[in-house]
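Written out below as structure tokens is the structure these notes cover.
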2 protein chains.
Amino acid sequence: MKTTTAQDETAAPPRRAAAPAHGLSTRERIVRSASLLMQRQGYDGTGIKQISREAEATLGSVYHFFPGGKQELAVAAVQHGDQEFADALREVLAGEDDPGVAIIACCRMLADGLRASDWIEGCPVTATALGTAGRAPDIQQAAAEAFARWQDLVFDKLRQPGTGIAEDDARDLACTVISTLEGAELAAQVSRDDQPLRAAGKHLSRLIGSYRA
Amino acid sequence: MKTTTAQDETAAPPRRAAAPAHGLSTRERIVRSASLLMQRQGYDGTGIKQISREAEATLGSVYHFFPGGKQELAVAAVQHGDQEFADALREVLAGEDDPGVAIIACCRMLADGLRASDWIEGCPVTATALGTAGRAPDIQQAAAEAFARWQDLVFDKLRQPGTGIAEDDARDLACTVISTLEGAELAAQVSRDDQPLRAAGKHLSRLIGSYRA
DNA sequence: GCATCTCTAGAACGAACGCTCTATCCGGTA
DNA sequence: TACCGGATAGAGCGTTCGTTCTAGAGATGC
């Protein structure tokens, strides 16, 4: 059988999530499966037994690592999605010098991910956060922290030397960039078409350009 | 660890009753309750029995009017939310002459609605559509039609006489306006703060202005 | 050897799920 | 009066839910 010693997951390497994922600790497999399933089906649509089955772990293991039950697991899943997307965002943003061009590249990345999953894997935290809006404050807080982190990454890109964008403007712009990326990904997912993401990239780039000194 | 179900993870705050006043047909009460509950809790988080209870109807009535079960009811709920939001959008857009100013007014309307519901009632179709992404094509199509209708309303506003915005530009702009409104509402809901909506209004107005002749 | 601890394994519980079913009420028609 | 179809009413079906529980496997220390 699969004997995995408890090896605390170190700094998360930028790796795309997959359903089976052998070679990982039991805890890590559980979190990844939970993150992926809740991304697709939301909080209420995903059962603990489905997660344990998908992670090739048993119910006992799930409750061993997450005594707080489904809520605690959901928080870990959201935080996992947070880090995963932050890593991808950081990489894409670093790949282009001009902030506007970099945002367009982000839109392309989102569109590629959506299309590759047949339009079922949207934002890794939205579906989980939306279904637990008023009833699970810790899940919502984890989602809010994710949004804030992504916003900071965009802010840093907008404030890199040479852009000439004022700090206050950059702060607001970063907020709108994340909002628009989220909304465009949602619209693309619902309409099964990447047009909203292409339009969002074009317009965000133009908007950013209008703030440059 | 106490034995609770997903129904009450936190002490529920005093929420507006989903049960509409009398004077509406049974079918209408069912649709309205379904729309409101799914807006708050998503598709999987909302039970048919909960809907019938809130609507002050019985299970028999629900299945009498919706023989297709939960899915058929969800489609009707999404279409109801579609029309409801379209009416509000139409009214607000008509209240301002300048398209940019009108969009800012839309953001304010969304922020007011969110705050009034203690940040739990977001977009009336997003939560339902997101939880059924790959498994209920008819629900997804109803959501896509809603987005398209709203986009058309914005398009008409952008193309009203005197704006000087080209048709192709207006088409793309309308798409991004809806995406950004959706995303900003989502971000506002998650962070329990209307700042994303205020930033979105400011930036959308500026973006629209940049396309005027 | 024994003790101890972490982790795995899955049966079992009560509650809620979507849905089916039969029975009853009720206004309009014959 | 009898009848009939639309609407209401809810008990009950089988399934799944989140969670709890006990038992055992495997490594480590004495």
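Within every chain, numbering begins at 1; the chains are lettered A, B, ... in the order of the sequence lines, protein sequences first and strands thereafter.
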Pairing residues for B:K70 by the side chain to side chain contact (heavy atoms under 4.5 Å, CB included) criterion, not counting sequence neighbours: B:M38, B:Y43, B:I48
Can you tell me which nucleotide in D:dA7, C:dT6, D:dC17 comes closest to the side chain of A:H64? C:dT6
Taking every non-hydrogen atom, the tightest pair across A:T26 and A:A57: CG2-CB, 3.9 Å
Which of residues 129-141 of chain B have a heavy atom under 4.0 Å from DNA chain C? none
Contacts of B:D156 meeting salt bridge (charged side-chain N to carboxylate O under 4.0 Å, His left out) (sequence neighbours excluded), chain-then-number -> none
Separation of A:F66 atom CZ from D:dG18 atom P, in whole Å? 15 Å
The criterion is side chain to side chain contact (heavy atoms under 4.5 Å, CB included); which residues satisfy it with B:Q160, sequence neighbours excluded? B:D97, B:P99, B:K157, B:T163
What contact category does A:S52 fall into here, base, sugar-phosphate, or nothing, at under 4.0 angstrom with non-hydrogen atoms? nothing
Take atom OH of A:Y43 and atom P of D:dC17, then tell me their distance rounded to the nearest Å. 13 Å
Interatomic distance where CG belongs to B:L37 and P belongs to C:dC17 [whole Å]: 12 Å
Which pairs, protein N/O on one side and nucleotides 21-24 of chain D N/O on the other, fall under 3.5 Å?
none

Take atom CD of B:Q50 and atom C1' of C:dA15, then tell me their distance rounded to the nearest Å. 15 Å
Whole angstroms only, please: what is the CE-C1' distance between B:M38 and C:dC17? 13 Å
Please tell me if B:S61 has a side-chain N or O lying less than 4.0 Å from either OP1 or OP2 of D:dA9. no
Answer yes or no: does a side-chain N or O of B:T58 lie under 4.0 Å from OP1 or OP2 of D:dA7? no
Applying side chain to side chain contact (heavy atoms under 4.5 Å, CB included), can you list everything that pairs with A:T58, at least two apart in sequence or on another chain? A:S61
So, does A:R206 use its side chain to make a donor-acceptor pair with the main chain of B:L207 at under 3.5 Å? no
Would you please name every residue forming a salt bridge (charged side-chain N to carboxylate O under 4.0 Å, His left out) with A:R53, sequence neighbours left out? none
Side-chain atoms of residues 177-186 of chain B: list all donor-acceptor pairs with protein atoms under 3.5 Å, sequence neighbours left out, distances to 0.1 Å.
from, atom 1, to, atom 2, distance (Å)
B:S179, OG, B:C175, O, 3.2
B:T180, OG1, A:T180, OG1, 2.9
B:T180, OG1, B:T176, O, 2.9
B:E182, OE1, B:T126, OG1, 2.9

Distance in angstrom units between A:K49 NZ and C:dA16 C1', rounded: 13 Å
B:E96: side-chain hydrogen bond (donor to acceptor under 3.5 Å, both in side chains) partners, not counting sequence neighbours: none
Separation of atom CD1 in A:I30 from atom P in C:dA9, rounded to whole Å: 11 Å
Separation of A:D44 atom CG from C:dA16 atom P, in whole Å? 14 Å
